[in-house]
J.: 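Before we start, here is the structure in question, set down as structure tokens.
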Number of protein chains: 2
Amino acid sequence: MLKLTKKADYGLMAMKHLAEHADHGSCSAKDVAEAYGIPQEALAKILQRLAKVGLVRSQHGMNGGYTLTRDPKTISAFEVIKAIDGPLFITSCITLRGECDQSDRCTIREPLRKVNESIEQVLKNIKISQMKEEPEVIRVHNQDRNQADKPGTRKPADLVTIS
Amino acid sequence: MLKLTKKADYGLMAMKHLAEHADHGSCSAKDVAEAYGIPQEALAKILQRLAKVGLVRSQHGMNGGYTLTRDPKTISAFEVIKAIDGPLFITSCITLRGECDQSDRCTIREPLRKVNESIEQVLKNIKISQMKEEPEVIRVHNQDRNQADKPGTRKPADLVTIS
DNA sequence: GAGAATGCCGACCTTTATAGTCGGACAAAA
DNA sequence: TTTTGTCCGACTATAAAGGTCGGCATTCTC
């Protein structure tokens, strides 16, 4: 539950790979697939979607392949995931129209919407470039506002503060 | 993607309902189901799982039903979700054994694990009691409703800071 | 220009997880 | 003891995800 789809997973791996090999020209889907043991056709389809939204550029023909269109520092995990799996909603209550399937008697919608936003934010703060290297680099700042006001409880989510 | 299952949704609604009606004795699955338009048997199964992990107590026979076993202030959304949908892993890379299905060539595992932890934290910080009432209690800072509805004004992060 | 390597696209199949249903077991009340 | 309302666990459809296949277009190499 609350799982990222494998497609999104693959997509992130591919983006990371492209980021690492940006200087060696383009990488074919086959290259990437073999590098990580991903089924080639599956990955091709994913890269196509990334190409469609402009995150990568595709090059036909021999020695073709894919290259990033932007600096990996400016590409967030959220963008990649959204491109592949569509908009992110934690629950079916939260739709594009903001409506709840289950009558409006559902009162947990609002709290969950906040959670949803939080998760989005976490993903937005992680950039592809930060995935290249391991732990040290990723530092999402703790959005701290007066958060020390509740005693005891909250030492919470310094979201993704890896340091 | 990254969706909470409907079961988890239902479970949260039910918990909230029980929390609200704690003083009126126990609520039957039927009561709750009718209150929110949820299929009765589906909800029953969910309540069973919550009973199994001890979040609610079940009472057979006439005038039976379910009651919370703990103060709703001490029950987090995370507990409920975990009880229903099992352990929460954002990606298949992150398993109980900490292994990656895809060979160990996968290098995005570590960053995603952090994201996973962040999400867990967010959910752990939301308590059932805080879902009872609407916005006032769950207070995400810097979040004005009117502003939230305006398309275009993208509000900053503010991860569910409950105070 | 022919052929090979590569990306592109759509349709299909398999597997898995989700949503929902059914009949029975249990406990309390009449 | 019978009745009634409830919980319980196995079962079945439906949908979604993951992966596969074949045909076509484009570009490079020879």
Side-chain angles (χ1 to χ4, degrees), chain A residues 1-14 18 25-34 36-67 69 81 84-93 101-102, chain B residues 1-11 13-14 18 25-34 36-67 81 84-93 101-102:
Chain A
M1 74 124 269
L2 214 58
K3 232 181 217 158
L4 228 46
T5 63
K6 247 179 197 167
K7 285 183 188 172
D9 240 25
Y10 292 163
L12 287 171
M13 287 192 224
L18 292 182
S26 58
C27 302
S28 71
K30 195 177 159 197
D31 291 343
V32 181
E34 282 177 354
Y36 302 98
I38 302 173
Q40 182 177 341
E41 291 87 359
L43 192 127
K45 252 180 36 177
I46 291 165
L47 283 166
Q48 284 164 34
R49 301 183 82 156
L50 293 176
K52 215 167 220 173
V53 298
L55 283 172
V56 303
R57 184 191 330 282
S58 70
Q59 178 66 17
H60 278 223
M62 288 192 71
N63 290 7
Y66 298 88
T67 49
T69 56
I81 293 168
I84 295 172
D85 283 341
L88 153 70
F89 298 120
I90 198 183
T91 153
S92 33
C93 281
D101 304 4
Q102 277 340 91
Chain B
M1 73 127 267
L2 214 59
K3 234 181 214 154
L4 228 48
T5 62
K6 245 178 196 169
K7 284 183 189 172
D9 241 26
Y10 291 163
M13 286 193 226
L18 292 182
S26 58
C27 302
S28 70
K30 196 177 159 199
D31 291 343
V32 181
E34 282 177 355
Y36 302 98
I38 302 173
Q40 181 178 342
E41 291 86 0
L43 195 136
K45 241 176 55 172
I46 292 165
L47 284 166
Q48 284 165 35
R49 303 186 79 157
L50 293 176
K52 213 166 220 170
V53 298
L55 283 172
V56 302
R57 184 193 330 282
S58 70
Q59 179 67 16
H60 279 223
M62 286 191 71
N63 289 7
Y66 297 91
T67 49
I81 292 169
I84 295 172
D85 284 340
L88 154 70
F89 298 122
I90 198 183
T91 152
S92 32
C93 281
D101 305 3
Q102 290 322 103

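We name chains A, B, ... by the order of the sequence lines, and we start the count at 1 in each one.
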J.: Distance check needed: C/dT21 C1' versus B/I38 CD1, whole Å only.
T.: 16 Å
J.: How many Å lie between CG on B/D85 and P on C/dT16, as a whole number?
T.: 18 Å
J.: Using whole Å, report how far CG of A/L43 lies from C1' of D/dG18.
T.: 13 Å
J.: C/dC8 C1' sits how many Å from A/L50 CG, rounded?
T.: 14 Å
J.: In whole angstroms, how far is the P atom of D/dC30 from the CG atom of A/N63?
T.: 10 Å
J.: Taking for each residue the nucleotide of DNA chain C with the nearest heavy atom, is it B/G61 or A/R57 whose nucleotide lies nearer the 5' end?
T.: A/R57
J.: Measure NZ/B/K7 against P/C/dT21 and give the value in whole Å, please.
T.: 13 Å
J.: What closest approach, in Å, do B/I46 and B/G11 show between heavy atoms, and which atom pair accounts for it?
T.: CG2-CA, 3.8 Å
J.: Holding to side chain to side chain donor-acceptor pair (under 3.5 Å), I want the full list of residues that pass it with A/S58, two or more places apart in sequence or in another chain.
T.: none
J.: Can you find a side chain N or O atom of B/S58 that sits less than 4.0 Å from OP1 or OP2 on D/dC8?
T.: yes
J.: The side chain of B/T5 is closest to which nucleotide in this list: C/dC22, D/dC7, C/dT18?
T.: C/dT18
J.: Closest nucleotide of DNA chain D for A/M62 versus for A/E41: which of these residues is on the 5' side?
T.: A/E41
J.: For a quick check, tell me whether the side chain of A/K6 and the base of D/dG19 share a donor-acceptor pair closer than 3.5 Å.
T.: no
J.: From CD of A/Q48 over to P of D/dT20, roughly how many Å is that when rounded to an integer?
T.: 15 Å
J.: Look at B/Q59 and C/dA27 and indicate whether a side-chain polar atom (N or O) is within less than 4.0 Å of OP1 or OP2.
T.: no
J.: Of all the choices, D/dC8, D/dT27, D/dT4, which nucleotide is nearest to the side chain of A/H60 once you look at every atom?
T.: D/dT27
J.: For the side chain of B/K52, counting heavy atoms from C-beta on, which of C/dG20, D/dG9, D/dT29 is nearest?
T.: D/dG9
J.: Tell me the interatomic distance from A/K30, atom NZ, to C/dG7, atom C1', rounded to whole angstroms.
T.: 13 Å
J.: How is A/A29 classified with respect to the nucleic acid when contacts are heavy atoms under 4.0 Å: base, sugar-phosphate, or nothing?
T.: sugar-phosphate
J.: Can you pull out how bent the helix from C/dG1-D/dC30 to C/dA30-D/dT1 is, comparing the axes over its first five and last five pairs, to 10°?
T.: 10°
J.: I'd like to know if B/K45 reaches the base of C/dG20 with its side chain such that a donor and an acceptor end up less than 3.5 angstrom apart.
T.: yes
J.: Would you indicate what B/A42 reaches in the nucleic acid, counting non-hydrogen atoms under 4.0 angstrom: base, sugar-phosphate, or nothing?
T.: base
J.: Can you see which heavy atom on B/G64 is nearest to which on B/S26, and at what distance?
T.: O-OG, 3.6 Å
J.: With the side chain of B/Y10 defined as its heavy atoms from C-beta on, choose the nearest nucleotide among C/dG7, D/dC8, C/dG20.
T.: C/dG20
J.: Over all heavy atoms of both residues, which pair between B/L50 and B/I84 is shortest? Give the atoms and the distance, please.
T.: CD2-CG1, 4.0 Å
